[in-house]
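Note that these values count all heavy atoms, side chains included, but never hydrogens, waters or copies made by symmetry. Nothing here was measured: the structure is a model prediction, and the numbers come from that model.
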Amino acid sequence: MKNKIFYLIVSTLIILAGCSEDTIEENGVGRLTGTVVAKTTNTPLENIKIVTSPASSTVFTDASGNFVIETISVGEYSVQAESDIYADAFEAVSILNNETSIVVFELEVSKTNNIEPLVPELLTPTDGASNLEPNIQFIWSSSESDTDEIIYKFQLRNGTTNEIISREVVADTTVTIENLNLGTNYFWQVSASDDSSEVQSTVSQFSTNSTPQNNYFYVRSVNGNSVIYSGNKKDASNEEDAEVNFNEFKLTSESFNSFRPHKNNETSKIAFLRTVNGATQLHTMNLDGSGVKQVTSTIPVNGFRIDEIDYTWAQNGGKLYYPNFDKLYSINPDGGGSTLIYKTTDGSFISEVSVSQFDDNLIALKTNNSDGYNVRVYTVRLSSGTEERVIFQNGMGAVKGIDLNANGTQLLYSKDTSGSQNNEYRQFANRIFIYDLNTGVERLFDNGAVSGSNDIQPRWSPSEGAIIFTRKPSNINSVPNVLVSPLSEYTSDNILFTNASMPDWEE
């Protein structure tokens with residue numbers, strides 16, 4: 001009986017030994033440490049769950065992305081990093097007795113758990129908008145749905161040429177595109193993407209004006225040439241804000257030297273000067289810059305310093321008057337009918353001419369010698385060729401910019417009050433004056449001009465309630481700006497266009 005009991009106990013022990021679990025043999029312990037970072041940025045990742053197989057302690061990373069399992073049995077392990085945002089990652093590690101083993105995880109964003117960006121909603125311009133100016137700010141709304149950075153891809157397609165303009169922006173939801181083609185249908189769309197997915201907005205359509213609805217014309221230097229622009233005032237969100245925004249449209253190419261723009265409402269044309277084969281010739285163009293036509297040829301515009309010479313529309317757009325040294329010519333806008341209409345008696349150069357809108361027989365002239373000085377400003381009755389009123393003569397210094405008002409009763413001009421006369425024709429204190437032709441009284445236009453600046457090229461506004469002009473610091477190579485000031489009491493400078501000169505204002 002005792003032998004049977006002995007064999008039963010031995011058999012039971014053998015069976016229990018064969019059914020034991022698959023565990024790491026307890027032949028020592030070690031230590032496991034590690035770091036978890038984002039793969040693309042190497043940024044430490046906090047609160048990442050760390051588990052092992054075979055099982056040991058479960059821990060989480062700290063703010064520096066580090067974790068530690070202080071006591072872990074010796075053996076071979078698979079270590080797993082788990083997160084709701086990042087894809088799970090595995091690293092194999094050997095735990096040795098009384099030693100520290102190290103693992104490093106670089107986690108990628110989980111495509112399975114990624115949330116797509118919100119589909120962009122196109123806000124401005126609205127779908128189907130028409131007669132838009134050629135400079136447009138495109139605005140859309142969207143946002144990230146998780147912590148991913150959103151990249152927006154803006155695409156604008158010309159409906160006529162199929163040309164596509166693309167821009168890529170990060171976070172911002174606006175793009176400004178300038179100088180779009182006039183009279184053209186456009187289509188635009190915005191896509192939003194993160195590291196894993198991309199969504200697209202609907203396609204929106206709009207059309208631009210057939211001609212720019214701009215009232216201002218001016219010149220800006222681009223790559224060494226003068227380029228003519230048109231601009232128009234936008235409604236300011238805050239009327240007390242001195243900074244006013246404008247639409248701008250480039251009318252001439254920077255491949256040509258084009259300057260002195262003057263619009264004529266009767267003909268809907270812009271006249272301007274352009275350098276052609278070393279000579280300065282009168283040209284005309286449409287309001288959108290198309291249809292450029294050279295008006296003068298054998299008798300060009302000429303005299304003292306081409307950039308100081310000015311011409312004028314006359315006879316309701318039927319004629320253009322322009323100077324050639326001591327002579328004044330009339331020519332049709334189509335280039336025909338060139339006629340000498342006036343010549344100085346002393347051989348002085350005619351540099352500028354202005355015409356009264358309601359009295360075609362009355363003109364104002366500015367003449368000077370070959371150095372730009374010995375200036376005379378006076379009015380002439382064309383029918384008789386006689387002088388009617390002398391506004392300025394026998395004075396020292398430069399005079400530049402003359403403009404008669406519509407009734408021929410007041411003349412704008414600027415003169416250098418410093419009286420300086422030098423070989424460089426440099427001015428130091430040009431100020432704007434208004435001369436009353438009825439009373440013979442000259443008055444200074446108080447528009448806040450400051451020491452060290454020159455106010456030049458003054459012209460009446462269409463209502464004659466304000467004056468547009470160029471302000472340029474007196475130092476060499478300074479940058480000019482175009483400003484406007486009301487005839488009423490001066491309040492503050494109102495800069496219309498920066499890095500601009502030779503303004504013209506027509507409604």
Side-chain angles (χ1 to χ4, degrees), residues 217 219 226 228 252 256-267 269-285 292-345 347-357 359-370 372 375-383 385 399-404 408 411-413 457-459 501-504 506:
F217 304 88
V219 170
S226 294
I228 298 173
T252 62
F256 301 97
N257 189 47
S258 308
F259 53 102
R260 289 285 181 191
H262 292 313
K263 177 189 174 185
N264 180 260
N265 288 327
E266 284 75 14
T267 62
K269 295 283 186 180
I270 301 168
F272 63 99
L273 300 180
R274 173 173 286 178
T275 305
V276 180
N277 297 325
T280 301
Q281 306 287 4
L282 259 173
H283 291 68
T284 62
M285 61 181 168
V292 173
K293 177 178 177 57
Q294 183 174 323
V295 177
T296 58
S297 55
T298 56
I299 305 176
V301 179
N302 217 334
F304 164 74
R305 295 178 70 110
I306 292 300
D307 60 337
E308 297 291 338
I309 293 179
D310 205 355
Y311 62 94
T312 187
W313 287 96
Q315 300 182 25
N316 294 321
K319 297 288 184 180
L320 286 159
Y321 295 166
Y322 71 95
N324 179 279
F325 294 108
D326 60 342
K327 302 177 181 64
L328 185 70
Y329 286 89
S330 169
I331 193 169
N332 299 334
D334 63 3
S338 177
T339 305
L340 175 65
I341 59 173
Y342 182 79
K343 181 179 180 181
T344 61
T345 57
S348 58
F349 295 169
I350 300 172
S351 292
E352 298 181 42
V353 56
S354 181
V355 175
S356 168
Q357 182 179 353
D359 186 356
D360 286 333
N361 200 24
L362 181 68
I363 64 171
L365 296 173
K366 188 203 96 171
T367 65
N368 48 260
N369 61 21
S370 59
V375 175
R376 294 186 77 237
V377 179
Y378 56 99
T379 61
V380 172
R381 185 63 56 181
L382 275 179
S383 58
V399 176
K400 50 202 306 177
I402 62 171
D403 191 30
L404 275 170
L411 181 73
L412 275 179
Y413 56 96
Q457 302 161 354
R459 294 187 68 83
S501 63
M502 300 183 181
D504 186 69
E506 300 291 340

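Side chain of Ser258 to main chain of Ile228: no donor-acceptor pair is present (N/O by atom type, distance under 3.5 Å, no hydrogens or angles). In this structure, the side chain of Asn361 engages the main chain of Ser383 through a donor-acceptor pair within 3.5 Å. Proximity of a side-chain donor or acceptor of Tyr311 to a complementary backbone N or O of Phe272 within less than 3.5 Å is detected.
The two residues Arg459 and Asp403 make their nearest non-hydrogen contact at CA-OD2, 3.4 Å. Residues Val295 and Thr284 share a closest heavy-atom pair of CG2-CG2, 3.8 Å.
For Asn264, the side chain to side chain contact (heavy atoms under 4.5 Å, CB included) partners at least two apart in sequence or on another chain are Glu266, Thr267, Trp313. The side chain to side chain contact (heavy atoms under 4.5 Å, CB included) check on Ser226 picks up Val219, Asn257, Phe259, with sequence neighbours excluded. When the salt bridge (Lys or Arg N to Asp or Glu O under 4.0 Å) test is applied to Arg376, the partners found at least two apart in sequence or on another chain are Glu387. Partners of Thr379 by side chain to side chain contact (heavy atoms under 4.5 Å, CB included), not counting sequence neighbours, listed by chain and number: Leu362, Ala364, Glu388, Arg389, Ile391, Leu437.
Applying the side chain to side chain donor-acceptor pair (under 3.5 Å) definition to pairs two or more places apart or across chains, those involving residues 294-305 are Gln281-Thr296.
Taking 4.5 Å as the limit, every side-chain heavy atom of Thr280 sits out of range of all side-chain heavy atoms of Ile309. When side chains are defined from C-beta on, Leu340 does not count as touching Tyr342, because their heavy atoms never get closer than 4.5 Å.
For the salt bridge (charged side-chain N to carboxylate O under 4.0 Å, His left out) with Asp310, the qualifying choice from Arg260, Lys366, Lys400 is Arg260, the only one to do so.
Atom CG of residue Leu382 and atom OH of residue Tyr321 lie 5.5 Å apart, to the nearest 0.5 angstrom.
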Identify all side-chain donor-acceptor contacts of residues 324-333 below 3.5 Å with residues at least two apart in sequence or on another chain.
from   : atom 1 : to     : atom 2 : distance (Å)
Asn324 : ND2    : Pro300 : O      : 2.8
Asn332 : OD1    : Lys319 : NZ     : 2.6
Asn332 : ND2    : Gly336 : O      : 3.2

